[in-house]
There are 2 protein chains.
Amino acid sequence: MARAATTADAFNAVAELRRRQILDLLAGGERAVNDLVELLGLAQPQVSKHLRVLREVGLVDVRDEGRQRMYRLNGRPLKIIHDWVSTFEQTWSRRFDQLDVVLEELKDTEAKDEN
Amino acid sequence: MARAATTADAFNAVAELRRRQILDLLAGGERAVNDLVELLGLAQPQVSKHLRVLREVGLVDVRDEGRQRMYRLNGRPLKIIHDWVSTFEQTWSRRFDQLDVVLEELKDTEAKDEN
DNA sequence: TTGACATATTCCGTTATCGGAATACGATTC
DNA sequence: GAATCGTATTCCGATAACGGAATATGTCAA
């Protein structure tokens, strides 16, 4: 086995900077592929490939509009990420940093007491 | 060029299920490597390798304790992910789903009006 | 129906990743 | 200081990701 398919889930899909940028752009509303190509400064095939990955994990929806394809953000799969990361929110909050310090000091004190 | 190193940032580090599991375990407190090996049911080298990635993006800190190495969670790098994902929070909320429906209906109405 | 435009797919080469097995290293313990 | 324990690193082999270039598909316009 080599590695998890990028297409497997939102975590993998979003690990790529370009795909995050695409989602950022789509947050501003529906966009045709060539719009994205221009805004990102990428080659068109690369953009289409990234869009495919995003489509496969459900992060974007497509709609045909004449010869264009309009892509639209669908953030729902991001909720899984949000939920998971939120679990750790305390970890980076100021107050818990302080708590860590207190706990460390406490540990040191105990260590001394054992002598 | 092939692909960005997994080791590059928190997004990539966390894209791997095993590494997320490790962080989940460390959320419960410091752990020695063999603890994690047992809890995860993985081979020890694999665990050490995942820990290395996590270390390199700053998601865990290490402390030497005799012949053991105690790993400890450091969630700070997750804040970047949290911040980014939070940008899209409205996208999956119930109220905005409803708004989407309304907008769709409106679009349909307009389409009919054009006939 | 031919040509131009918009997008998707395929093919290619390079590189990173992952798991597994073997091995190296470093700190204890005997 | 030799055996042992805990962990890290290295060396595979397989896979798949990525960018680039070429090409295919599909739609509109003349």
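Chain naming here is simple, since letters A, B, ... match the order of the sequence lines and numbering starts at 1 in each.
The listed nucleotides are dT7(C), dT7(D), dG19(C); the one nearest the side chain of Asn34(A) is dT7(C). Listed nucleotides dG20(C), dT7(D), dA8(C) differ in distance to Lys49(B); the shortest reach to its side chain belongs to dG20(C). With dG19(C), dG6(D), dC5(C) as the choices, the nucleotide that has an atom nearest any side-chain atom of Arg67(A) turns out to be dC5(C). Closest to the side chain of Gln68(A), from the set dA8(C), dT7(D), dA6(C), is dA6(C).
Minimum heavy-atom separation, Gln90(A) to Thr87(A): NE2-O, 3.9 Å. Closest approach of Arg20(A) and Val14(A) over heavy atoms only: NE-O, 2.8 Å.
Nucleotide dC18(D) holds its P atom 13 Å from the CZ atom of Arg52(A), rounded to whole Å. The CD atom of Glu30(B) sits 16 Å away from the C1' atom of dT7(D) (whole-angstrom rounding). Between Asn12(A) atom CG and dT15(D) atom C1' there is a gap of 14 Å when expressed in whole angstrom units. Regarding Leu42(A), its CG atom lies at a distance of 18 Å from the P atom of dA6(C), rounded to whole Å. Atom-to-atom, CG of Leu36(B) to P of dT7(D) comes out at 9 Å; the value is rounded to the nearest Å. Nucleotide dG6(D) holds its C1' atom 12 Å from the CG atom of Asp35(B), rounded to whole Å. Following rounding to the nearest Å, Arg18(A) (CZ) and dC18(D) (P) show an atom-to-atom distance of 12 Å. In this structure, the CG atom of Leu51(B) is 16 Å from the P atom of dG6(D), given to the nearest Å.
Taking side-chain N and O atoms only, Arg69(B) has a distance below 4.0 Å to OP1 or OP2 of dA8(D). Checking the phosphate oxygens (OP1, OP2) of dC18(D), no side-chain nitrogen or oxygen of His50(A) falls inside 4.0 Å. OP1 or OP2 of dC18(C) sits under 4.0 Å from a side-chain N or O of Arg19(B). For Tyr71(A) and dA8(C), the shortest distance from a side-chain N or O to OP1 or OP2 is below 4.0 Å.
Nearer the 5' end of DNA chain D, as judged by each residue's closest nucleotide, is the contact made by Ala43(A), out of Ala43(A) and Gly66(A). In terms of position along DNA chain C, the nucleotide closest to Pro45(B) lies nearer the 5' end than the nucleotide closest to the other residue of the pair Pro45(B) and Glu65(B).
Using a 4.0 Å cut-off between charged side-chain N and carboxylate O, Asp83(A) and Lys79(A) make a salt bridge.
By the ring-ring contact (aromatic ring centres under 6.0 Å, His included) test, Phe88(A) is found to be paired with Trp84(A), residues two or more places apart in sequence or in another chain being considered.
Within 4.0 Å of Gln46(B), counting heavy atoms only, lies at least one base atom of the nucleic acid.
Residue Ile80(A) places its CD1 atom among 12 or fewer non-hydrogen atoms of other residues, nucleotides or ligands, all under 6.0 Å distant.
For Gln44(A) against dA8(C), a side-chain-to-base donor-acceptor contact under 3.5 Å is present.
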